[in-house]
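Reading through the structure tokens given below for one structure.
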2 protein chains.
Amino acid sequence: MVGSVWLTSGKGRKSRDSGLDRDKIVATAVRLLDAQGDVSMRALATELNVTPMSMYWYVANKDDLLELALDTVAGEIELPEADDDWQAGLRALAQAWRRTMVGHPWAIRCYGDYLNIGPNSMRFTQHAQAIIARSPLSKADQASALSAVFQYVYGFATNESRWLEYGRKTGRTVDEFVDDVAASVAEVPWVSVRSGVVEQKHSQSMAELRDRDFDRALDWLLAGMLA
Amino acid sequence: MVGSVWLTSGKGRKSRDSGLDRDKIVATAVRLLDAQGDVSMRALATELNVTPMSMYWYVANKDDLLELALDTVAGEIELPEADDDWQAGLRALAQAWRRTMVGHPWAIRCYGDYLNIGPNSMRFTQHAQAIIARSPLSKADQASALSAVFQYVYGFATNESRWLEYGRKTGRTVDEFVDDVAASVAEVPWVSVRSGVVEQKHSQSMAELRDRDFDRALDWLLAGMLA
DNA sequence: ACCTGAACACCGTTCAAGT
DNA sequence: ACCTGAACACCGTTCAAGT
């Protein structure tokens, strides 16, 4: 919670004598998380052909493990080339973040649980700050602007991930799943107005809708900043 | 997950013979969630002086219980008076949502887990749609605009709730907690640039910063929509 | 119609012990 | 230095049984 792996020296760089080390454990955890949406310490251990308790030699507890896993996926985010157009840069960065988060729905779920000060997360943050520094905004506005953009992106990606997870769990495509929901929801007595998502669905695929909306809102935000 | 309490007729309107009914169970769950940040079925039952298993007569499972609890807090959101100024209306609605979510951090945590089609949630949704309908935006843009605003608000409130929870758990004020984090984080080798939040902290309280940033970003978004 | 007891299949984690 | 076994204190939930 308040403690962070990154604030303790820890048993990070232990070498092995049975093929095990912290990196391997974290990598395996990420693999299982990607596959199942969650991990237990016990499942992780059996995957590694070892007793559950051996995990605790490399990692203080499950929270630490997840914090490490989270920074691992933060390392996958492609940072766009430096460019003079800060708005384009910010859009590209937001897109990159969204892309990798949607690829790891479990990550976005635990995003708020940790301080996110691992090396990869910090690399990302610094990149974002470098981009916004090229804008004409005041120092104070720059911070607000970054928060605004990434709070929006976080909200968007969270929502997007959920639909993808729903789809995966029910073994249907997202579009099919949305149809199912729409049909069920229509039966509920107090639902007289359909939600925006469901309403527009039939004209285009959810994926197209999402892409368009994502860029659109970013443009609004960026345009508003200069107004 | 994909199933929803609201899609099953369920044991909702059972009467009691030992003072128990679904409403009372849900109300108690909300009380415990507010107090501790989570509930177990077992703790809820003992709070109600009853065996864990009796819960399952009123509620199919824990997910259903939480879905009901979530709609209960959705009922606390104060819907602003109808007004011709749609931007003011949207801002007021966003503020109201933020206020009640920050009061129930557990709620925002499970917000994405359910379909949110309970009566109170739908009342909220319809109110939002009524407000945006008064804007000059096209039908399609109206849906995008609502999504954008509430995705941002969701991201903001999630972030805000986390800081408040951290503070509460460590028994410090949010400002003190931010100071603690800043001090610890400064020790981490790869942290060469401070994050926006931490950097500005000393000039004003976090609460002031948050209020200003929240309104600010909403203004940007709304301004961008008309550009 | 409502509630219980015993049980199942899980969790994360501590602690003392092995090599 | 690394790993294990047994145990503790939890979970949500099923199922058959009581009243």
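Protein chains get the first letters and strands the later ones, always in sequence-line order, with residue 1 at the start of each.
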Whole Å only: how far is the [atom1] atom of [X] from the [atom2] atom of [N]?
{"X": "Tyr56(A)", "N": "dC11(C)", "atom1": "OH", "atom2": "P", "result": "11 Å"}
{"X": "Met41(A)", "N": "dC11(C)", "atom1": "CE", "atom2": "C1'", "result": "11 Å"}
{"X": "Met53(B)", "N": "dC11(D)", "atom1": "CE", "atom2": "P", "result": "11 Å"}
{"X": "Arg42(B)", "N": "dA7(C)", "atom1": "CZ", "atom2": "P", "result": "14 Å"}
{"X": "Lys62(B)", "N": "dT14(D)", "atom1": "NZ", "atom2": "C1'", "result": "18 Å"}
{"X": "Leu44(B)", "N": "dC11(D)", "atom1": "CG", "atom2": "P", "result": "12 Å"}
{"X": "Asp63(A)", "N": "dC11(C)", "atom1": "CG", "atom2": "C1'", "result": "14 Å"}
{"X": "Asn49(B)", "N": "dC2(C)", "atom1": "CG", "atom2": "C1'", "result": "16 Å"}

- Nucleotide opposite dA6(C) in a Watson-Crick or G-U pair, distances under 3.5 Å: dT14(D)
- Item | Closest listed nucleotide, where the reference is the side chain of Val50(B) and the choices are dT4(C), dG12(D), dC2(C) | dT4(C)
- Message: From C-beta outward on Trp57(B), which listed nucleotide comes closest to its side chain: dA1(C), dT4(C), dC2(D)?
- Response: dA1(C)
- Touch check for Ser40(B), heavy atoms < 4.0 angstrom, all strands: base, sugar-phosphate only, or nothing? sugar-phosphate
- Message: I'd like to know if the side chain of Trp190(A) reaches the main chain of Ile117(B), judged simply by a donor and an acceptor atom lying under 3.5 Å from each other, with no hydrogens or angles considered.
- Response: yes
- Got a donor-acceptor contact below 3.5 angstrom from the Glu67(A) side chain to the Val5(A) backbone? yes
- Query: Would Asp113(B) and Arg109(A) pass as an ion pair if we require N to O under 4.0 Å?
  - Reply: yes
- Query: Is Arg98(B) positioned over the aromatic face of Phe156(B), cation under 6.0 angstrom from the ring centre and no more than 45 degrees off axis?
  - Reply: no
- Message: Between Ser54(B) and dC2(C), is there a contact of a side-chain N or O with OP1 or OP2 at under 4.0 Å?
- Response: no
- Message: Between dA9(C) and dA9(D), how many Å separate the two P atoms, rounded to a whole number?
- Response: 22 Å
- Query: Is the ring centre of Phe150(B) less than 6.0 Å from the ring centre of Phe124(B)?
  - Reply: yes
